[in-house]
There are 2 protein chains.
Amino acid sequence: MTAFYREHDRFIVSVDCVIFGLYNGRLSILLTRRKFEPEMGRWSLMGGFVKENESVDDAAKRVLFDLTGLENVFMRQVHTFGAVDRDPGARVISVCYCALINVDEHDYKRVRSHDANWIDMAEMPELGFDHHDMVENALRMLKRRFASEPIAFSLLPRFFTLTQLQQLYEVVVGDSIDKRNFRKRVAENPCIEKTELIDKTMSRRGAALYRYNDKLGSQSRFHI
Amino acid sequence: MTAFYREHDRFIVSVDCVIFGLYNGRLSILLTRRKFEPEMGRWSLMGGFVKENESVDDAAKRVLFDLTGLENVFMRQVHTFGAVDRDPGARVISVCYCALINVDEHDYKRVRSHDANWIDMAEMPELGFDHHDMVENALRMLKRRFASEPIAFSLLPRFFTLTQLQQLYEVVVGDSIDKRNFRKRVAENPCIEKTELIDKTMSRRGAALYRYNDKLGSQSRFHI
DNA sequence: TCAAAAGTGTTCAGGGTACACCCATGG
DNA sequence: CCATGGGTGTACCCTGAACACTTTTGA
């Protein structure tokens with residue numbers, strides 16, 4: 001390190017992850033109760049500290065993996081929170097990330113061992129620190145991105161019905177969507193391919209299974 | 001500080017400011033040549049280090065003020081860049097901000113003393129580190145926000161003509177706009193008030209002067 | 001035969017875009 | 001009288017939203 005850098009103040013840097021999940025058909029968020037002061041016992045986001053030998057993005061991935069066992073999920077940086085006294089325990093600059101996962105795919109045991117709970121977004125408790133701001137920011141970003149990027153498909157099985165896809169959009173957007181309009185847009189999108197397969201688990205009649213094809217490059221977007 | 005925090009790695013945190021400006025009718029960016037290693041002599045963004053007793057946002061404001069003498073300008077956090085080796089001189093985590101200013105209002109002497117130059121966006125040189133990513137991100141954010149938030153009015157004099165307003169939008173959006181359609185949208189927007197004043201400096205005929213009124217709360221938006 | 005989910009088209013309104021000419025004035 | 005910038009209205013298209021009934025089949 002050159003002399004120029006030596007003299008500057010240094011900071012603890014953390015990542016706080018807003019982990020959204022689909023938990024029996026509803027949008028939920030992974031929260032834990034803090035196990036140490038300050039604010040011990042208060043609900044809070046999943047956080048961790050950045051280490052010297054990892055990038056900030058990698059720190060976020062590590063935290064997500066530790067908690068859920070999942071890799072390669074939709075994960076984005078939301079904002080960096082750097083107020084001087086945002087954490088009363090110490091000066092900590094926190095980079096907030098958000099992820100959206102399928103609760104069924106993650107590793108329950110990991111979540112349990114971290115004393116984390118899935119909480120329905122409609123019943124979100126008060127959170128410590130500036131975590132409420134983080135959740136608001138993250139949710140706004142999630143809704144925006146979800147409606148314009150093909151995030152949904154990483155949450156569905158490889159083959160899915162249009163009803164499943166629509167329900168997923170409805171949960172995230174937080175509103176109901178007209179079935180015919182929805183299917184019209186799907187039909188116009190070359191990335192969503194109908195297969196010959198039929199799913200009979202949800203109805204007597206059976207529903208056509210579709211597949212997402214991202215090989216279409218820049219066209220692999222789906223804007224509901 | 002509780003014992004819990006003591007053991008964590010600490011980082012130098014910087015802010016890098018992408019300062020866009022309107023310089024004789026074109027979108028420009030404020031750049032400087034690095035005066036120390038690594039990458040001495042390379043064009044780079046305006047940066048500074050966060051200090052222990054200031055928030056990250058305040059650090060960005062301080063850097064902007066030091067460079068331009070301006071306060072209360074449109075200034076937003078863009079993204080945090082945290083790759084391990086993004087700065088070959090040391091591990092530095094950098095929070096990127098962007099600002100858009102009116103070049104005529106700032107303090108030239110400050111800029112000069114920092115050896116900073118306004119460079120037309122069309123002629124942007126190669127930058128050191130990950131500064132090119134920062135500029136791309138910042139420009140994308142600026143265009144998005146400029147088209148949906150009333151940023152323009154802080155760059156214009158208190159009274160302005162519709163031609164001035166339109167030219168400003170054209171410069172930032174980087175495309176030309178139909179005059180009649182533009183004026184139609186202005187007319188529909190209650191925040192842009194026509195005054196009785198006439199500006200005769202730009203034409204023989206004279207142009208009506210308008211004023212922005214942000215007292216209309218949530219309606220004080222102008223979406224071109 | 002009925003319950004439960006799948007599937008299917010049309011209409012309408014509003015917003016966005018394209019487009020060309022007259023006006024006022026100072027020099 | 002002319003050069004310069006200021007100012008104005010309409011037609012069309014396309015997208016997005018609203019809306020209800022038929023089909024299939026296992027139990």
Side-chain angles (χ1 to χ4, degrees), chain A residues 24-25 143-144 146-149 152 156-157 159-212 219 221-224, chain B residues 24-26 143-144 146-148 152 156-157 159-212 219 221-224:
Chain A
N24 51 279
K143 286 183 180 180
R144 188 157 29 90
F146 199 83
S148 66
E149 296 177 24
L156 290 171
F159 296 99
F160 51 86
T161 67
L162 294 188
T163 303
Q164 286 178 296
L165 184 63
Q166 180 175 346
Q167 282 171 351
L168 180 51
Y169 273 86
E170 287 178 334
V171 167
V172 175
V173 175
D175 209 351
S176 63
I177 302 171
D178 180 89
K179 185 163 57 158
R180 280 169 292 187
N181 293 337
F182 185 81
R183 283 166 186 248
K184 204 184 309 168
R185 269 169 297 196
V186 169
E188 285 161 1
N189 191 310
C191 302
I192 303 173
E193 296 172 347
K194 189 171 186 171
T195 69
E196 297 302 310
L197 305 172
I198 304 286
D199 174 273
K200 297 272 243 178
T201 60
M202 295 304 288
S203 71
R204 310 196 195 294
R205 178 176 172 177
L209 284 164
Y210 287 72
R211 174 172 42 186
Y212 178 67
Q219 293 168 47
R221 324 192 111 253
F222 178 48
H223 197 309
I224 62 146
Chain B
N24 52 278
R26 296 184 54 82
K143 285 185 180 178
R144 187 158 27 91
F146 198 83
S148 67
L156 291 171
F159 296 99
F160 51 86
T161 67
L162 293 188
T163 303
Q164 286 177 296
L165 184 64
Q166 182 176 344
Q167 282 170 353
L168 180 51
Y169 273 86
E170 288 177 333
V171 167
V172 175
V173 175
D175 210 350
S176 63
I177 302 171
D178 181 88
K179 184 164 56 158
R180 280 170 290 190
N181 293 337
F182 185 80
R183 283 165 187 249
K184 204 186 309 171
R185 269 169 296 194
V186 169
E188 286 162 0
N189 191 311
C191 302
I192 303 173
E193 296 173 347
K194 189 172 187 171
T195 69
E196 298 301 311
L197 306 171
I198 305 286
D199 174 272
K200 297 270 245 179
T201 60
M202 296 302 288
S203 71
R204 310 194 195 296
R205 176 175 173 176
L209 284 164
Y210 287 72
R211 175 172 41 186
Y212 178 67
Q219 292 169 49
R221 324 192 112 253
F222 178 47
H223 197 310
I224 64 146

List the residues meeting side-chain contact (heavy atoms from CB on, under 4.5 Å) with B:A187, not counting sequence neighbours, and say none if there are none.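 In terms of side-chain contact (heavy atoms from CB on, under 4.5 Å), with neighbours along the sequence ignored, B:A187 is linked to no residue.
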Partner residues of B:A147 under the side-chain contact (heavy atoms from CB on, under 4.5 Å) criterion, sequence neighbours left out: B:I224
Under 4.0 Å from any atom of DNA chain D, heavy atoms only: list the residues of residues 159-174 of chain B that qualify, in numerical order. B:T163
Could you tell me the separation between the [atom1] atom of [X] and the [atom2] atom of [N], rounded to a whole number of Å?
X	N	atom1	atom2	answer
B:R185	D:dG9	CZ	C1'	15 Å
A:R183	D:dG16	CZ	C1'	19 Å
B:D199	D:dG6	CG	P	9 Å

Let me confirm one number: the [atom1]-[atom2] distance from [X] to [Y], rounded to the nearest 0.5 Å.
X	Y	atom1	atom2	answer
A:T195	A:Y210	OG1	OH	8.5 Å
A:F182	A:T163	CZ	OG1	9.0 Å
A:R183	A:L162	CZ	CG	4.5 Å
A:F146	A:L168	CZ	CG	4.0 Å

Any residue meeting ring-ring contact (aromatic ring centres under 6.0 Å, His included) with B:F160, in chain and number order, not counting sequence neighbours: B:F153
Can you name the salt bridge (charged side-chain N to carboxylate O under 4.0 Å, His left out) partners of [X], sequence neighbours left out?
X	value
A:R185	none
A:R211	A:E193
B:R26	B:D120

Bounds of contact between DNA chain C and chain A, in 5' to 3' order, using a heavy-atom cut-off under 4.0 Å: C:dA3 to C:dT10
When every nucleotide of nucleotides 19-27 of chain D is labelled 5' to 3' by its protein contacts under 4.0 Å (heavy atoms), B for base, S for sugar-phosphate only, - for none, what sequence of letters results? BB--BBBBS
Compile the donor-acceptor pairs under 3.5 Å between side chains in residues 173-181 of chain A and protein atoms, sequence neighbours left out, one pair per line.
residue	atom	partner	partner atom	Å
A:D178	OD2	A:R180	N	3.0
A:D178	OD2	A:N181	N	2.9
A:N181	OD1	A:K184	NZ	3.4

Show the nearest heavy-atom pair for residues A:T161 and A:A207, with the distance to one decimal.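 Here A:T161 and A:A207 meet closest at CG2-CB, 3.7 Å.
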To the nearest 10 degrees, how far apart in direction are the end axes of the helix from C:dT1-D:dA27 to C:dG27-D:dC1, each fit to five base pairs?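 That helix gives 10° between its end axes.
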By side chain to side chain donor-acceptor pair (under 3.5 Å) - contacts of A:Q167 (at least two apart):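 Checked A:Q167 against side chain to side chain donor-acceptor pair (under 3.5 Å); zero matches.
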